[in-house]
Amino acid sequence: MSTTDKNTSATATDTVAERPPVFSVDGLWKVFGPKAARVPADPDLTALSPAELRSRTGCTAAVADVSFDVRKGEVFVVMGLSGSGKSTLVRCLTRLIEPTAGSIAIDGEDVRAMDKSRLRELRRHRAAMVFQHFGLLPHRTVLDNVAYGLEVQGMGRAERRERAAAVVAKVGLEGLEHRRPGQLSGGQRQRVGLARALAVDPEVLLFDEPFSALDPLIRRDMQEEVVRLHREEGRTMVFITHDLQEALKLGDRIALMRDGRVVQLGTPEEIVGSPADDYVREFVRDVPREQVLTVRTAMRPATSADEAGTGPAIRPEATVSEAIEAVARAASAARVMHEGRCLGVVDAADLLSVVAGTADAPAAADGAASAAAAAGSRAAGAAPVPQKAAPATRRKPTTPAEPTTEEPA
Ligand SMILES: Nc1ncnc2c1ncn2[C@@H]1O[C@H](COP(=O)(O)OP(=O)(O)OP(=O)(O)O)[C@@H](O)[C@H]1O
């Protein structure tokens, strides 16, 4: 199912929550330093702050008791400031870094029990990494760089070049196949890195801050490329970033890390609308709420049959910003419609209260999930996407709020 389909119906949204996990992470720790293994096992040590732990033991808990699932077809973003543990966490998924404690499964298979050859197969075929510093081979052409992973897999020359050419076209590099990396711009090189990962057709793409070295315009281009690829292919992606805007734009769900722990795990709407604590609140303070929160946050029951039967129709996934436009155009309240049914209405005052931050938080259930996630519990990591949380509002077409008779555009 494409992301567009995913966003157009609440039923489809529910299906995402019900999809099987690709990665399942439970109680994961990575501790650097002497006798690291004693740290996760000792409650006295796990209770210490990072600074206390360092001074008492000389150890750093880069990942501390983290649990979550990455579901099939979602873009799972790991966000946090520098040093919060993002790279360590994502490298643990394929054991590029050996975890200290906890469990990791891919499609139910225990990653920590894999032997060398199984691990190689995991990294080559199942979970391909796109690195920040492209890692391209300078003396090879674009085509041969992209074909490299297939070569390593043992695919014949003609077949791998054919496959590579198709992927090169997919990422918009047609015509540049015979250049070498030194003859490309930074953005083009990043596309080669992306194409190389895609060429092996992995189940999951892992992105380690791939765009942070790019200038803002090229960066936006690449973000749109990721959204497009995801929409077209529905491939599962884990994306590391320290950039909140990028996280909100790309993520179906975001795990926000601080000092090795996940302080909140939720949809962009949950993170912006119901921050789990003061740290998260501060983090999202400057986000334009109306561009992230959906009308579900603002809607209320219709007060009369008249109100339920007239006014422009908007989708439940429409952003508050889109609804403001519809309400302003029609000079009346708008109806939130799903499959011909009016779920509720929003008027100017309802919408303004969201912008002002005086509306209720998206949902109690979301808050509970967030709080549990903050506590690092398994239940939170595995919590289904609440119905209210429309993932990926960012990917909607921008004309959702045209007045219509029954069904929103
Ligand atoms: N090999 C190592 N030995 C000791 N400490 C390490 C090692 N690698 C990472 N750390 C520490 O673990 C913590 C998490 O680092 P990590 O690189 O995972 O953070 P990050 O969020 O990815 O940061 P950035 O955004 O700067 O890449 C940091 O305190 C870091 O200093």
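In each ligand, atom 1 is the first atom listed, and ligand 1 is the first ligand listed.
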L81 heavy atoms within 4.0 Å reach ligand 1 at atoms 21 (O)
When you measure from atom 9 (C) of ligand 1 to every protein heavy atom, which one gives the shortest distance, and what is it?
F32 CE1, 3.5 Å
Identify the closest protein heavy atom to atom 12 (O) of ligand 1: which residue and atom is it, and at what distance?
A62 CB, 3.3 Å
Does E162 have more than 12 heavy atoms from other residues, nucleotides or ligands lying within 6.0 Å of its CD?
no
Sub-3.5 Å donor-acceptor pair from the side chain of E74 to the main-chain atoms of R71, do we have one?
yes
Is it the case that the side chain of R126 and the backbone of E203 share a donor-acceptor pair, with hydrogens and angles ignored and the cut-off at 3.5 Å?
no
Is it true that a side-chain atom of T241 and a backbone atom of D243 form a donor plus acceptor pair closer than 3.5 Å?
yes
Among all the protein's non-hydrogen atoms, which is closest to atom 19 (O) of ligand 1, and how far away is it?
G85 N, 3.2 Å
Check L122, V111, I106 against T94 for a side chain to side chain contact (heavy atoms under 4.5 Å, CB included) and give me the one that passes.
L122
Of all protein heavy atoms, the one nearest atom 27 (O) of ligand 1 is S87 OG, 3.8 Å
How far is atom 21 (O) of ligand 1 from its nearest protein heavy atom, and which residue and atom is that?
K86 NZ, 2.8 Å
Side-chain donor/acceptor of R91 to backbone N/O of I97, under 3.5 Å
no
With a 4.0 Å cut-off on heavy atoms, is I240 in contact with ligand 1?
no
Between the main-chain N or O of G73 and the side-chain N or O of H230, is there a donor-acceptor pair closer than 3.5 Å?
yes
Per-atom filter on ligand 1: closer than 4.0 angstrom to a heavy atom of T88 are 15 (O), 16 (P), 18 (O)
Can you tell me which residue and heavy atom of the protein come closest to atom 26 (O) of ligand 1, and the distance to 0.1 Å?
S82 OG, 2.6 Å
In the protein, what heavy atom is nearest to atom 20 (P) of ligand 1, and what distance, to one decimal place, separates them?
G83 N, 3.5 Å
For ligand 1, which atoms have a heavy atom of E209 less than 4.0 angstrom away?
25 (O)
Between the CZ atom in R300 and the CG atom in D350, the distance rounded to the nearest 0.5 Å is 4.5 Å
Tell me which protein heavy atom sits closest to atom 30 (C) of ligand 1, plus the residue, atom name and distance to 0.1 Å.
T60 CG2, 4.9 Å
Per-residue contact class, M257 against ligand 1 - non-hydrogen pairs under 4.0 Å:
neither
Determine yes or no for a side-chain-to-main-chain donor-acceptor pair under 3.5 angstrom, with R112 supplying the side chain and G102 the backbone.
yes
Would you say K30 contacts ligand 1, with heavy atoms under 4.0 Å as the rule?
no
